[in-house]
Amino acid sequence: MSEPLLKVTDLVRYYGTVKAVDGISFELQAGQSVGLIGANGAGKTTTMRLLTTLDLPDSGEIIFDGMDAASWPEKVRSRVGWMPDGFDPIDHTTVFDYIDFFARAYGLTGEKRENEVERVLEFCGIAQLHERFINKLSKGQTQRLSLARTLIGNPDFLIMDEPAAGLDPQARIEFKQLVRTLQNQGKTLLISSHILSELAEMCDTMIFMDSGHIIRRGSQEELIESEKNVSVYDIRPVGDTDSLLAWLAMSKEWQEATLLPDGLVRVRCLVEGAEATALALRGLIAENMVLELSRHRRNLEETFVNILQEKK
Ligand code: ATP
């Protein structure tokens with residue numbers, strides 16, 4: 001494998017006595033899309049701010065394309081695009097003026113600046129809104145503006161904190177299409193979100209964080225498979241649901257009956273291993289209460305919740 005684009009080692013950041021980031025280490029290869037997942041306060045934003053060089057770690061190291069971020073913050077910053085969570089619109093500023101301001105701040109002048117402003121506005125599909133005041137934009141248009149600002153200077157590593165939060169379904173789809181185009185251009189992406197299904201669609205690798213730690217990482221498949229020792233089944237009862245629930249309550253092999261909206265009952269097998277599970281299934285079927293049975297495959301969200309519960 002080639003040298004990673006980003007190598008993070010033992011990163012620690014305290015806020016007073018709170019250890020917001022507690023010794024995390026990971027690597028990203030160029031062109032990878034990585035989802036950062038964690039509950040509120042897990043340390044995602046702090047991690048992202050450290051990677052953008054907006055904040056300094058108390059200890060640990062960030063090496064970006066061979067450069068130590070602490071020694072070369074400006075060089076690293078020029079390669080990193082940061083799309084923060086939320087956007088504070090400024091009064092009396094048009095879309096054009098806003099992007100032009102950041103292009104100037106980036107050090108672009110003359111024709112180069114004009115071309116860059118046009119490029120990012122076109123890419124994000126808001127060129128036609130260039131005269132619109134930014135405090136009059138819809139949420140979806142505001143997110144596009146925020147992305148346009150992030151893309152000034154054509155950074156190769158993009159860090160996005162909750163980029164799809166608050167978008168309606170159509171705006172979400174459009175935003176994902178923009179992300180896909182950036183991936184096709186070879187950008188490296190680190191995206192945080194609370195909407196795990198959405199991250200799963202956009203990212204090839206996930207990093208699960210909790211209390212400042214990385215608790216698991218891998219592809220969606222790897223993470224779901226890593227929890228496969230727990231077997232969950234959805235059952236459609238033959239007769240009334242109550243008889244099945246009563247039987248489950250007495251069972252040593254089955255538990256956790258969740259009633260699903262369409263008359264199904266979700267149950268969890270307490271025994272482990274293929275043979276013991278097969279035996280438990282035969283026992284369940286022999287009771288003549290099962291009309292239909294299907295294995296429930298955990299999604300990423302359930303996997304994450306399960307991993308957090310196991311940790312406690
Ligand atoms: P969320 O999903 O809610 O945005 P997060 O995973 O991004 O959460 P962080 O914002 O990184 O989490 O916060 C991690 C911890 O650090 C939390 O306990 C938070 O209260 C604390 N923290 C973050 N920023 C500061 C700050 N500037 N001063 C004090 N504590 C902070």
Side-chain angles (χ1 to χ4, degrees), residues 6-28 32-62 64 69-70 73 76-77 80-89 139-140 142-143 146-147 149-150 157-167 171-172 175-176 179 188-203 205-218 220 223 299-312:
L6 178 76
K7 189 162 191 274
V8 173
T9 313
D10 292 333
L11 214 56
V12 173
R13 176 65 165 108
Y14 281 94
Y15 290 114
T17 53
V18 176
K19 218 172 185 182
V21 171
D22 192 358
I24 63 169
S25 301
F26 64 94
E27 292 180 1
L28 299 192
Q32 243 190 315
S33 298
V34 176
L36 197 55
I37 302 165
N40 293 124
K44 305 178 297 293
T45 302
T46 306
T47 302
M48 290 179 144
R49 283 175 53 81
L50 292 171
L51 298 181
T52 56
T53 75
L54 283 171
D55 194 6
L56 282 172
D58 290 293
S59 61
E61 196 178 52
I62 299 167
F64 180 81
V76 171
R77 213 170 288 161
V80 177
W82 165 232
M83 186 171 166
D85 182 12
F87 182 89
D88 291 322
K139 177 75 186 164
T142 304
Q143 284 303 80
S146 187
L147 179 63
R149 182 187 68 190
T150 307
F157 180 30
L158 301 173
I159 304 179
M160 303 177 176
D161 199 0
E162 294 280 344
L167 297 185
R172 277 214 160 92
F175 193 83
K176 274 187 274 183
V179 167
T188 309
L189 305 179
L190 181 68
I191 308 174
S192 82
S193 175
H194 289 288
I195 308 162
L196 272 58
S197 54
E198 199 154 75
L199 269 189
E201 281 177 44
M202 292 191 279
C203 300
T205 307
M206 311 289 156
I207 294 179
F208 283 180
M209 280 191 81
D210 183 47
S211 309
H213 298 105
I214 292 178
I215 52 169
R216 213 58 80 82
R217 68 168 297 183
Q220 182 180 194
L223 288 165
N299 61 27
L300 197 60
E301 198 142 18
E302 290 164 319
T303 303
F304 177 57
V305 170
N306 199 51
I307 289 171
L308 282 184
Q309 278 168 353
E310 275 172 11
K311 239 190 109 239
K312 281 176 186 146

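Order of appearance sets the numbers: ligands from 1, and atoms from 1 within every ligand. Excluded from the calculations below are hydrogen atoms, water molecules and symmetry mates; all remaining heavy atoms, backbone and side chain alike, are included. Computed from a predicted structure; not experimentally measured.
Judged by distance alone, with hydrogens and angles left aside, the side-chain atoms of R172 form a donor-acceptor pair with the main-chain N or O of L167 at under 3.5 Å.
In this structure, the side chains of P163 and I191 come closer than 4.5 Å at one or more pairs of heavy atoms.
Looking at residues two or more places apart in sequence or on another chain, you find a side chain to side chain contact (heavy atoms under 4.5 Å, CB included) between D161 and T45, M48, W82, D85, S192. The ring pair (Phe, Tyr, Trp, His ring centres under 6.0 Å) search around F157 returns F64, not counting sequence neighbours. Under the rule for a ring pair (Phe, Tyr, Trp, His ring centres under 6.0 Å), the partners of F87 that lie at least two apart in sequence or sit in another chain are Y98.
A side-chain contact (heavy atoms from CB on, under 4.5 Å) with V80 holds for exactly one of T188, L6, I159, L158; it is I159.
Protein residues with any heavy atom under 4.0 Å from ligand 1: Y15, V18, A20, A39, N40, G41, A42, G43, K44, T45, T46, H194.
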